[in-house]
> 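I have a structure here, written as structure tokens, and I will follow up with some questions on it.
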Amino acid sequence: MAPSNTSSTDGGSTPERTHGPDGAPAHLPGEPSGPAPHPVDELLPPVKLFTTGLQHVAAMYAGVVAPPLIVGAGVGLSPGELALLISASLFTAGLATLLQTLGVWKIGARLPFVNGVSFAGVAPMIAIAKSSIERTGGPKEALPVIFGAVIVAGALCFLAAPYFCKLIRFFPPVVQGTVITLIGVSLLPVAVNWARGGSPGAPGYGSMRAIGLAAITLVAVVLCNRLLRGFWQQMSLLIGLAIGTLIAVPLGLTDFGAVRDAKVFALPSPFHFGAPVFDAAAIVSLCIVMVVSMTESTADMLALGKIVDREADEPTLAAGLRADGLATALSPVFNGFAASAFAQNIGLVALTKIRSRFVVAAGGGILVLLGLFPVLGSVVSLVPQPVLGGAGIVLFGTVAASGIRTLAEAGMESSSHTILVSVSLGVGIIPIAVPTFYDSFPEAVRTLMHSGISAGCVMAVLLNLLFHHVGTARRSRSGQGSGATAPTATPS
């Protein structure tokens with residue numbers, strides 16, 4: 001296939017010339033032939049653009065719909081409202097991906113970089129929802145509090161982007177790996193609860209029928225991942241969900257009411273769940289999560305730059321983080337959540353060797369279309385809680401395993417690393433093992449520390465500063481480079 005002559009986007013000004021391997025400028029449309037554009041800027045034929053973009057959607061779809069399913073269930077939304085929340089997450093993930101790949105002004109990394117709903121914010125948002133429900137007595141008041149915190153966290157990310165790139169040395173792989181591990185560990189109890197039926201008051205909660213259905217789904221996902229190849233292997237999680245749901249139908253564990261009531265097409269309704277509420281404790285909690293997400297996104301851009309042979313320099317990192325921040329701040333307007341990088345798609349770029357950012361942009365367009373058709377979101381809401389629990393064990397366990405892999409790459413020979421990881425994990429697991437541990441603390445502390453991710457992140461950063469950046473400890477370890485190591489790629 002002949003390379004496209006399409007040049008990179010620069011937000012509406014004169015198209016920027018791409019450069020070939022020798023540094024010579026590539027020609028613009030209508031100019032005489034010249035060196036081919038960089039593979040990142042290559043525009044593929046429409047059919048290949050759509051199919052390869054669809055593959056990226058398949059790789060990230062389960063990760064996009066899982067957070068709204070978790071948060072929606074935690075808030076107590078009806079099936080119809082849950083479908084709306086899923087559609088909103090698909091729509092905003094698509095917009096964020098388009099912004100990241102195509103770019104506007106100094107916003108967007110202009111790399112084949114996928115954005116979606118961040119897993120890092122799930123546990124804190126559930127904690128915020130629980131605190132809000134306890135305070136107000138109504139589940140519907142929780143989402144505006146979450147959305148208000150997300151807006152502020154997104155604005156923080158946007159404003160801090162050019163400075164955060166310079167502070168990344170305070171978030172070395174040992175800190176990042178600790179936080180990623182806690183993300184997975186924090187969510188695993190949610191998956192186990194789903195496997196039992198979702199709610200202690202639900203009919204058949206904890207029954208062998210529910211647990212057996214979760215086990216069948218888990219086995220299906222594992223076998224699909226082991227036996228299938230290529231595109232179908234990427235879809236193993238979705239295939240497992242489909243198998244579990246089909247088995248659940250004759251058992252009477254699926255509710256088709258949402259599909260019957262869902263609209264085929266509907267434009268997003270701004271602030272459908274109410275105007276955002278700005279609660280200080282919730283804002284602090286999600287701002288910490290946003291710092292974690294910024295660390296992950298920075299790591300992913302560095303890794304992706306190496307894979308596509310286009311270095312993610314400081315301006316690129318800043319532009320990518322601005323896109324994360326802007327997309328996060330705008331997502332709640334359309335009932336969406338925080339947006340961040342999806343590292344599984346970076347693996348897909350490495351696997352397929354297709355480096356075009358326009359392929360990922362096509363995937364973003366597909367996500368927008370999925371979000372505009374609520375009936376598609378309602379189909380996803382058919383998945384019973386036990387089925388979601390079986391798949392969730394794989395999904396959340398994979399996140400924890402990725403964190404462990406990052407820790408292994410960081411090296412655990414140093415005693416300071418061992419102390420940092422052990423104490424941070426211990427503090428992070430406290431609210432998971434004993435959810436009532438912080439009940440007697442002030443409300444602001446409860447909201448922050450009820451999330452194992454937030455608690456563990458704060459402890460990991462503080463210990464990293466103590467061991468690697470303070471006084472004689474910093475000087476004695478300066479040769480190790482512990483505080484300046486570039487982070488590795490991580491999943492959302």
Side-chain angles (χ1 to χ4, degrees), residues 57 60-61 63-99 104 115-118 121-122 125-126 128-129 132-133 136 138-155 158 255-279 282-283 286 323-340 363-383:
V57 173
M60 71 179 294
Y61 189 89
V64 174
V65 302
L69 278 172
I70 300 170
V71 176
V75 173
L77 296 182
S78 66
E81 291 171 324
L82 193 58
L84 187 149
L85 203 64
I86 292 170
S87 295
S89 294
L90 292 168
F91 180 77
T92 54
L95 292 180
T97 299
L98 288 170
L99 182 63
V104 176
N115 272 45
V117 184
S118 172
V122 171
M125 285 191 292
I126 291 177
I128 292 170
S132 177
I133 291 170
T136 64
K140 300 299 175 61
E141 286 76 11
L143 280 177
V145 175
I146 292 172
F147 288 149
V150 171
I151 290 173
V152 176
F158 185 88
D255 180 8
F256 289 90
V259 177
R260 290 192 298 268
D261 299 336
K263 297 179 181 178
V264 175
F265 174 82
L267 292 173
S269 174
F271 298 121
H272 176 85
F273 297 97
V277 175
F278 299 98
D279 178 83
I283 288 171
L286 284 191
D324 278 7
L326 182 59
T328 296
L330 293 179
S331 286
V333 176
F334 302 105
N335 314 294
F337 300 117
S340 69
I366 293 171
L367 287 170
V368 170
L369 290 176
L370 290 175
L372 291 174
F373 291 87
V375 67
L376 299 176
S378 68
V379 171
V380 177
S381 70
L382 287 175
V383 180

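Bear in mind that the values here come from a model prediction, so they are computed numbers and not experimental data.
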> Among all residues two or more places apart in sequence or in another chain, which pass the ring-ring contact (aromatic ring centres under 6.0 Å, His included) test with F158?
none
> Hey, does L370 have a side-chain heavy atom less than 4.5 Å from the side chain of V57?
yes
> So how far is it from E141 CD to I146 CD1, rounded to the nearest 0.5 Å?
12.0 Å
> So which heavy atom on A129 is nearest to which on V75, and how close?
CB-CG2, 3.9 Å
> Hey, does P68 have a side-chain heavy atom less than 4.5 Å from the side chain of S89?
yes
> Grab the two heavy atoms, one from L85 and one from N335, that are nearest each other, plus how far apart they are.
CD1-O, 3.6 Å
> Residues in side chain to side chain contact (heavy atoms under 4.5 Å, CB included) with L330, at least two apart?
L326
> Which atom names give the shortest non-hydrogen contact between A282 and V145, and what distance separates them?
CB-CG1, 3.9 Å
> Are P268 and L372 close enough that some pair of their side-chain heavy atoms sits under 4.5 Å apart?
yes
> Would you name the heavy atoms of G365 and L98 that are closest together and state the gap between them?
N-CD2, 4.1 Å
> Report the distance from atom CD1 of I86 to atom CG of L69, rounding to the nearest 0.5 Å.
4.0 Å
> With rounding to the nearest 0.5 Å, note down the distance linking OG in S331 to CD1 in I151.
9.5 Å
> Does some side-chain heavy atom of F337 sit less than 4.5 Å from a side-chain heavy atom of P332?
no
> Closest approach of L82 and G72, non-hydrogen atoms and distance?
CD1-CA, 3.7 Å
> In this structure, which one of V152, T328, V150 forms a side-chain contact (heavy atoms from CB on, under 4.5 Å) with L286?
V150
> Angle between ring planes, F147 versus F273, binned at 30° and 60°: parallel, tilted or perpendicular?
tilted
> List the atom of A275, the atom of P144, and the distance in Å for their closest heavy-atom pair.
O-CB, 3.3 Å
> So L90 and V368, do their side chains get closer than 4.5 Å, heavy atoms only?
no
